[in-house]
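If you read the sequence from its start, that first residue is 1, and numbering goes on from there. Please read these numbers as outputs of a predicted model, since none were measured by experiment.
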Amino acid sequence: MRRTAIGRRPGNYAGQLENVVYVELQRRGYTVDVGKMNTKKIDFVARKVDRVLYVQVSYEIPANSHETDNLLQLRDNYEKLLITQRHYPDIHDVDGIPVINIVDWLLRDAPSEM
């Protein structure tokens, strides 16, 4: 969709990955918003009935904790998730936040499983 709208440009895989996650969250029945807390951005705040899911999307897990810092500052007990393009077989969570590869996340059948 992006390439059609603005032409072909190499790179920006993270933005494309975010688009895939956004569309899939909507397909799974969530209302999706972008979250902001002070100067920190939460990629997606997905809501469905009694469920809230915070999602950060990253092409890869950076050496710093930038992608999880935003989620860790949220003091509620709603579910948090980090979705990545790169596959990390030895990393299942970062600071208690589950990490999942985009392909694995997309292939999960049941919408209630994340």
Side-chain angles (χ1 to χ4, degrees):
M1 290 187 288
R2 179 182 175 276
R3 286 186 181 169
T4 301
I6 64 172
R8 185 179 175 99
R9 289 188 197 166
N12 192 17
Y13 297 113
Q16 294 172 22
L17 188 63
E18 284 183 4
N19 285 342
V20 169
V21 171
Y22 174 79
V23 170
E24 180 62 16
L25 285 168
Q26 285 194 318
R27 189 193 71 78
R28 292 181 183 189
Y30 287 94
T31 300
V32 183
D33 297 301
V34 174
K36 192 166 188 176
M37 185 175 68
N38 299 325
T39 60
K40 306 273 186 189
K41 179 182 164 250
I42 308 297
D43 289 336
F44 301 114
V45 180
R47 294 180 178 91
K48 179 171 35 171
V49 189
D50 293 349
R51 187 169 187 198
V52 176
L53 173 66
Y54 298 110
V55 180
Q56 283 296 106
V57 180
S58 179
Y59 184 75
E60 61 187 351
I61 299 174
N64 61 29
S65 59
H66 167 75
E67 293 298 334
T68 55
D69 284 349
N70 304 354
L71 297 175
L72 291 171
Q73 289 185 13
L74 297 168
R75 296 293 175 207
D76 57 27
N77 289 322
Y78 292 120
E79 193 175 350
K80 299 164 180 75
L81 184 63
L82 175 59
I83 299 175
T84 66
Q85 169 63 36
R86 298 279 168 112
H87 188 27
Y88 298 95
D90 298 333
I91 300 175
H92 303 288
D93 70 86
V94 173
D95 297 325
I97 296 171
V99 176
I100 187 166
N101 174 266
I102 183 70
V103 174
D104 295 336
W105 182 71
L106 289 170
L107 291 176
R108 287 190 173 176
D109 290 334
S112 62
E113 289 184 34
M114 281 208 243

Fill in the blank from the handout: T84 and L17 have their tightest heavy-atom pair at C-CD2, 4.2 Å

Exercise for the section: Look at the side chain of D93 and the backbone N and O of V99, then say whether any donor-acceptor pair between them is shorter than 3.5 Å. Expected result: no

Practice task
For N77, enumerate each residue passing the side-chain hydrogen bond (donor to acceptor under 3.5 Å, both in side chains) test, keeping only those at least two apart in sequence or located in another chain.
Solution key: none

Handout entry: F44 side chain reached by L25 side chain, heavy atoms, under 4.5 Å
Key = yes

Handout entry: Minimum side-chain heavy-atom gap V20-L106 below 4.5 Å
Key = yes

Problem - Separation of I100 CD1 from I91 CD1 (nearest 0.5 Å) - result: 14.0 Å

Exercise for the section: Search all heavy atoms of V52 against all heavy atoms of R47 and return the closest pair with its distance. Expected result: CG2-CG, 4.1 Å

Exercise for the section: Give a yes or no on whether the backbone of L53 and the side-chain of K48 come within a donor-acceptor separation of less than 3.5 Å. Expected result: no

Practice task
Using only heavy-atom distances, determine whether the side chains of Y78 and R51 contain a donor-acceptor pair under 3.5 Å.
Solution key: no

Practice task
Only counting residues at least two apart or in another chain, list the ones meeting side-chain hydrogen bond (donor to acceptor under 3.5 Å, both in side chains) with Q85.
Solution key: none

Problem - Minimum heavy-atom distance between R28 and W105, given as atom pair plus value - result: NH2-O, 2.7 Å

Fill in the blank from the handout: d(L71 CG, E79 CD) to nearest 0.5 Å is 11.5 Å

Handout entry: Option among D76, L81, N70, I97 that satisfies the side-chain contact (heavy atoms from CB on, under 4.5 Å) test with Y54
Key = D76

Handout entry: Smallest separation among heavy atoms of Q56 and K41, with atom names
Key = OE1-O, 3.5 Å

Practice task
For residues S58 and L82, determine if any side-chain heavy atom of one lies less than 4.5 Å from a side-chain heavy atom of the other.
Solution key: yes

Problem - Modelled atom types, side-chain donor and acceptor of Q26 and Y22, under 3.5 Å - result: yes

Exercise for the section: Please tell me if the side chains of I102 and V21 come closer than 4.5 Å, counting only heavy atoms from C-beta onward. Expected result: yes

Handout entry: Test item: Y59 and R86 side chains (from C-beta on) under 4.5 Å apart, heavy atoms
Key = yes

Problem - Any V55 side-chain heavy atom under 4.5 Å of I83 side chain - result: yes

Completion exercise
In this structure, CG of L74 is separated from CG of D69 (nearest 0.5 Å) by 11.0 Å

